Amino acid sequence: MSESQRWEAVDAYFATRLAPDDEALTATLRESEAAGLPQIAVSAPQGKLLQLLAHIQGARRILEIGTLGGYSTIWLARALPADGRLVSLEYSPRHAEVAAGNIARAGLDKLVEIRVGAALDSLPLLADEHPAPFDLVFIDADKANNPHYVEWALKLTRVGSLIIVDNVVRGGRVADQNDTTPDVTGTRAALELLGSHPRVSATAIQTVGAKGYDGFALARVES
């Protein structure tokens with residue numbers, strides 16, 4: 001068994017016992033694949049982690065940047081109370097269409113609003129509505145714009161809010177200063193912003209599993 005096969009086997013073991021997919025989640029992955037969406041959704045254990053963090057946070061309002069097929073959206077929305085709200089920003093109209101169907105099938109369409117367009121266009125419009133602060137922000141979109149997404153997350157949250165940035169390891173490339181590809185430089189800039197910002201306490205964790213070698217950053221708004 002190769003190292004990656006061992007990671008997948010352990011992920012499958014965890015998922016079966018701690019984060020099993022139900023019909024709505026299974027259908028979301030199936031429909032997303034059938035529609036040709038990239039197979040880059042979070043794993044089941046990662047989705048369950050997002051849900052647990054939202055529960056621990058007591059989140060009533062969640063902002064997600066990057067909807068894809070709605071798999072992570074469903075995990076997060078299931079942590080919300082009946083009067084909660086999740087706003088998810090998705091660049092691709094096709095992805096948003098598939099996600100909307102998946103979210104409706106899961107019975108969460110009354111809690112979730114998908115806004116279509118470039119997130120850096122949607123975020124100022126959202127801010128202009130003067131929404132109540134978001135309790136949790138999950139950033140999982142184009143990595144080159146990660147620092148801008150973090151800046152907007154800080155504007156749209158409150159003391160005690162959580163900000164989660166996915167895919168920050170980039171296969172280890174984030175630590176290679178000779179790597180100047182946009183996804184790496186954007187991720188690196190976001191981490192540097194989180195590490196130096198006076199209002200934030202943050203860390204980053206490396207992970208392995210069905211999605212390979214990667215990781216996420218977790219930040220709490222402190223002031």
Side-chain angles (χ1 to χ4, degrees), residues 1-54 56 64-76 78-79 90-92 94-95 98-99 102 106 138-146 149 162-192 194-195 202-219:
M1 181 181 290
S2 69
E3 191 172 59
S4 62
Q5 288 173 326
R6 185 175 297 109
W7 296 343
E8 291 182 21
V10 172
D11 245 13
Y13 175 85
F14 287 157
T16 299
R17 287 153 182 81
L18 302 172
D21 278 347
D22 53 33
E23 175 53 32
L25 289 167
T26 300
T28 294
L29 295 176
R30 182 178 64 244
E31 294 302 316
S32 297
E33 183 176 7
L37 272 61
Q39 300 303 291
I40 54 174
V42 300
S43 67
Q46 290 167 345
K48 184 65 174 289
L49 174 62
L50 292 173
Q51 187 182 89
L52 285 171
L53 288 171
I56 293 166
E64 178 181 52
I65 303 176
T67 317
L68 194 61
Y71 187 76
S72 59
T73 318
I74 291 170
W75 279 108
L76 285 165
R78 285 178 170 177
E90 173 54 47
Y91 176 78
S92 166
R94 177 57 176 156
H95 293 183
V98 173
N102 290 331
F138 179 47
I139 299 172
D140 189 15
D142 58 305
K143 311 310 174 187
N145 282 314
N146 271 346
Y149 298 147
L162 292 182
I163 300 170
I164 305 163
V165 186
D166 202 11
N167 308 128
V168 299
V169 172
R170 315 308 298 160
R173 292 185 295 128
V174 70
D176 180 3
Q177 295 300 317
N178 294 317
D179 192 324
T180 57
T181 51
D183 66 314
V184 170
T185 57
T187 298
R188 196 179 292 138
L191 292 169
E192 291 170 357
L194 290 171
T203 191
I205 300 294
Q206 300 180 80
T207 61
V208 297
K211 298 299 178 177
Y213 170 43
D214 212 323
F216 63 93
L218 180 66

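Since this is a predicted model, take the numbers as computed values, not measurements.
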Per the side chain to side chain donor-acceptor pair (under 3.5 Å) rule, which among Asp21, Thr28, Asn102 passes with Tyr71? Asp21
Is there side-chain contact between Asp176 and Val184, with heavy atoms separated by less than 4.5 Å? no
How many angstroms lie between atom OG1 of Thr185 and atom CG of Asn146, to the nearest 0.5 angstrom? 10.0 Å
Please round to the nearest 0.5 Å and tell me the distance separating atom CG of Leu50 and atom CD1 of Ile74. 13.0 Å
Would you check, one step at a time, whether the test side chain to side chain donor-acceptor pair (under 3.5 Å) holds for Arg173 with Thr181? CA-CA 9 Å; Arg173 292 185 295 128; Thr181 51; 3.1 Å; yes
Where Ala35 and Val98 come nearest, the two heavy atoms and their spacing: CB-CG2, 3.6 Å
Any idea which heavy atoms bring Ala19 and Ala44 closest together, and the distance? O-CB, 3.5 Å
Judged by atom type as modelled, is there a donor-acceptor pair below 3.5 Å linking the side chain of Gln51 to the main-chain atoms of Ala79? no
Rounded to the nearest 0.5 Å, the CZ atom of Arg188 sits from the CZ atom of Arg170 at a distance of 11.5 Å
Chi angles and distances behind the salt bridge (charged side-chain N to carboxylate O under 4.0 Å, His left out) call for Asp22, Arg78: CA-CA 12 Å; Asp22 53 33; Arg78 285 178 170 177; 2.7 Å; yes
Only distances under 3.5 Å count here; give the side-chain donor-acceptor pairs of residues 3-11 to other protein atoms, sequence neighbours excluded, each with its distance to 0.1 Å.
unit_1, atom_1, unit_2, atom_2, d
Ser4, OG, Ser2, OG, 3.3
Gln5, OE1, Ser2, N, 2.8
Gln5, OE1, Ser2, OG, 3.3
Asp11, OD2, Ala210, N, 2.7

Which heavy-atom pair separates Val42 from Lys211 by the least distance, and what is that distance? C-CE, 3.9 Å
Kindly indicate whether the side chain of Leu52, heavy atoms from C-beta on, has any atom under 4.5 Å from the side chain of Lys48. yes
Hey, is OH on Tyr213 packed in by over 12 heavy atoms from elsewhere, all under 6.0 Å? yes
Are side-chain heavy atoms of Ile40 and Leu68 found at a separation under 4.5 Å? yes
Can you measure from CG (Asp140) to OH (Tyr149) and round to the nearest 0.5 angstrom? 10.5 Å
Which atom names give the shortest non-hydrogen contact between Gly66 and Glu90, and what distance separates them? C-OE1, 3.9 Å
With a 4.5 Å cut-off on side-chain heavy atoms, are Leu218 and Ile205 touching? no
Under the criterion side chain to side chain donor-acceptor pair (under 3.5 Å), which of Thr187, Asp166, Asn167 is the partner of Lys143? Asn167
If you define the side chain from C-beta out and look only at heavy atoms, does anything of Leu18 sit under 4.5 Å from Pro45? no
Note: Ala217 and Leu194 closest approach over all heavy atoms is CB-CD1, 4.2 Å
With rounding to the nearest 0.5 Å, note down the distance linking CD in Gln206 to CG in Asp214. 9.5 Å
Take a 6.0 Å sphere around CD of Gln39 and say whether it holds more than 12 heavy atoms from other residues, nucleotides or ligands. yes
Side-chain heavy atoms of Phe138 within contact of Ser72, under 4.5 Å: yes
